[in-house]
Amino acid sequence: MKKYYKIALLLLLSSLLLSCTRDDGNASYRGKTGQLQLEGVVLNIPNKSNLELALFALDNDNKPKLLLATDHYTGNGNALTFQVNFKLDKALSFHALELRGRVTQAGKLIGYLTPWHKQQLTQQDLKGIILELTP
């Protein structure tokens, strides 16, 4: 009986150790909520303008397949920092990720941001993104 107990204990400990060391590839850049985070700054956003950011999963034709996250900001005339939280489902297949943005002021579209486009994600890709308004 003690022999089976020791084997069961060894199996339990080894499975626990394996689950603690397993890395899903994205764990190193998860935010406080456990979701992935894109962080960066947007340049040339006018004061009191509205910025809408949208993160899409793209198909093989680089067309939006799924909207992963949206976020809204108000311009202050300076560089505007942003942080977009999103979750990637392991079952989701996509060709690339793209962050798009548009800026409105007084209800009128005044420009788009240069899109951020990535096929392979690394920790460095998610931090320090710089986007600019293009009229």
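- Here the shortest heavy-atom pairing between A96 and Q119 reads CB-CG, 3.8 Å.
- The number of heavy-atom neighbours closer than 6.0 Å to CG of L66, taken from other residues, nucleotides and ligands shown, is above 12.
- Summarising the geometry of T104 relative to L109, their closest heavy-atom pair is CG2-CA, 3.9 Å, with the distance given to 0.1 Å.
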Checklist line | Trace of the side chain to side chain contact (heavy atoms under 4.5 Å, CB included) decision for V41 with L80 | finding: CA-CA 5 Å; V41 296; L80 187 64; over 6 Å; no
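- Side-chain atoms of P64 and E98, non-hydrogen and from C-beta on, never get closer than 4.5 Å to each other.
- Distance CG/L131 to CG/L43: 8.0 Å, rounded to 0.5 Å.
- For Q83, the side chain to side chain donor-acceptor pair (under 3.5 Å) partners at least two apart in sequence or on another chain are Q37, E39.
- Considering OH of Y73 and CD1 of I45, their distance stands at 12.0 Å, rounded to 0.5 Å.
- Between atom CG of residue L97 and atom CZ of residue F56 there is a gap of 11.5 Å, rounded to the nearest 0.5 Å.
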Margin query: As a quick check of understanding, evaluate side chain to side chain contact (heavy atoms under 4.5 Å, CB included) for H95 and N62, giving each step before the final call.
Written below: CA-CA 7 Å; H95 176 70; N62 285 329; 3.3 Å; yes
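- Looking at every heavy atom in both residues, W116 comes nearest to L55 through CZ3-CD1, 4.4 Å.
- You'll find the side chain of H117 reaches within 4.5 Å of the side chain of L58, heavy atoms only.
- A 6.0 Å sphere centred on CZ of R100 holds more than 12 heavy atoms belonging to other residues, nucleotides or ligands.
- The shortest non-hydrogen separation linking L53 to G101 is CD2-CA, 4.0 Å.
- Placement of L67 and L51 in two distinct hydrophobic clusters is found when ILVMFWY residues are connected by side-chain heavy-atom separations under 4.5 Å, directly or transitively.
- Here the closest non-hydrogen pair linking N44 and L133 is O-CD2, 3.3 Å.
- A distance of 10.5 Å separates CD in E52 from CG in L113, rounded to the nearest 0.5 Å.
- With hydrogens and angles disregarded, a donor-acceptor distance shorter than 3.5 Å links the side chain of T134 to the backbone of Y112.
- The structure places CG of N76 at 11.5 Å from NZ of K48, a figure rounded to the nearest 0.5 Å.
- Residues L99 and L38 are in side-chain contact: their nearest non-hydrogen atoms beyond the backbone lie under 4.5 Å apart.
- Counting only residues at least two apart or on different chains, no salt bridge (charged side-chain N to carboxylate O under 4.0 Å, His left out) pair has a member in residues 58-67.
- The minimum heavy-atom distance between N47 and G75, with the atom names listed, is OD1-O, 3.4 Å.
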Next item on the list: Could you give me the CA-CA distance, side-chain angles and deciding distance for V103 and N50, then say whether side chain to side chain contact (heavy atoms under 4.5 Å, CB included) is met?
Entry: CA-CA 6 Å; V103 180; N50 297 310; over 6 Å; no
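- A heavy-atom distance below 4.5 Å is not found between the side chains of N85 and L36.
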